[in-house]
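Below is one structure, written out as structure tokens; comments come after it.
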Amino acid sequence: MRIVLLGPPGSGKGTQGDLIEEKYGFPKVSSGDLLREAVKAGTALGKEAEICMSRGKLVSDELVLDMIQERISQPDCQTGYILDGFPRNISQAEKLEKAVPSAHEVVLDIRLNDHSLVERLSSRRICSDCGMIYNLQMKPPVKEGMCDVCGHKLIRRDDDVPEVIRRRLKIYHEQTEELVIYYRDRDIYHAVDGKGKVDEVFFHISSILDQLLGEFSEKEAVR
Ligand code: AP5
């Protein structure tokens, strides 16, 4: 099963992706995390991506598609995976469908207004080592500045500063939101209200996934 998490920056794709991974066992494949790892490792991809990311712009389709294809060809993705942050425009969606068709696909579009997105991104912190996501208002760590899971330092992402947040939201509305129209008329599309608490949003997502997974296994049993 391919689970595509759509939604603007800060809507909770990463947070919900981690919970889906934990409950259903599908690995979360985050284009942003993979790009940040490449930047940290100083690879050729990382060097090219760093310039775009620090300005809140999208990295080139070809680079990102190659990176995603490489990741989802790994053995742990064979029964399914969660895409967080990819596709980011119609061209990426079309290329993905052509290169890696999926019989069982679901698109979960987490919706949230710009005001709440800015608030959430401004107070987000992530673990410098394991990437665990925190929020100074909604989900602070037990020990200030330290990751609850691995004890490493929490940092603010370079693109979580006001000017870059504004640019990322603009780019979302100009280039990524068109994906909603692209997917909306297909029965794989589900809008999810991102306003509630993390567990309320996850309850909604779980109810969609439980139903779909039930239907898929019934179909498999009939075959
Ligand atoms: P990426 O890392 O994908 O960033 P993004 O899409 O901007 O999304 P975020 O990670 O900022 O937010 P999120 O929706 O995951 O929210 P989160 O769960 O963290 O991309 C970064 C950059 O990489 C891009 O700008 C681009 O340059 C490049 N890139 C990536 N993919 C690309 C692609 N496909 N093509 C080209 N370029 C690409 O939550 C946010 C905060 O809110 C956290 O603090 C969290 O604790 C809190 N929170 C979450 N849910 C709730 C809730 N329900 N209530 C209260 N607080 C909540």
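Whatever order the structure lists them in is the order used to number ligands and atoms, beginning at 1.
Protein heavy atom nearest atom 6 (O) of ligand 1, with residue, atom name and distance: Arg88 NH2, 3.0 Å. In terms of protein heavy-atom proximity, atom 9 (P) of ligand 1 is nearest to Arg124 NH1, 3.3 Å.
Arg125 does not count as a contact of ligand 1, since none of its heavy atoms falls under 4.0 Å from the ligand. For Arg157, the closest heavy-atom approach to ligand 1 falls below 4.0 Å. Distances from ligand 1 to the non-hydrogen atoms of Gly196 include at least one value under 4.0 Å. Taking 4.0 Å as the cut-off, Lys197 counts as a neighbour of ligand 1 on heavy-atom distance.
Under 4.0 angstrom from ligand 1, the non-hydrogen atoms of Thr15 come from both its backbone and its side chain. Under 4.0 angstrom from ligand 1, there are no non-hydrogen atoms of Gln16. Heavy atoms of Gln137 found under 4.0 angstrom from ligand 1: none, in either backbone or side chain. Within the 4.0 Å heavy-atom criterion, neither part of Tyr172 lies near ligand 1.
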### Task
Applying salt bridge (Lys or Arg N to Asp or Glu O under 4.0 Å), run through Lys23 and Asp210 and close with a yes or a no.
CA-CA 11 Å; Lys23 176 168 176 184; Asp210 287 344; 3.7 Å; yes
### Query
What's the verdict on salt bridge (Lys or Arg N to Asp or Glu O under 4.0 Å) for Arg2 and Glu105, showing C-alpha distance, side-chain angles and the deciding distance?
CA-CA 5 Å; Arg2 174 152 73 212; Glu105 187 171 36; 3.0 Å; yes
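Counting all heavy atoms, side chain and backbone alike, Met53 lies closest to Val59 at CG-CG2, 4.1 Å. Nearest heavy atom pair, residue Asp61 against residue Ser91, reads OD2-OG, 2.9 Å.
Hydrophobic cluster membership of Val164, counting Ile, Leu, Val, Met, Phe, Trp and Tyr whose side-chain heavy atoms lie under 4.5 Å apart directly or via other members: Val161.
In summary, of the residues considered (Val29, Val107, Ile3), a side chain to side chain contact (heavy atoms under 4.5 Å, CB included) with Leu83 occurs for Val29 alone.
The aromatic rings of Phe216 and His104 lie parallel to each other, their planes meeting at an angle below 30°, with 60° marking the opposite boundary.
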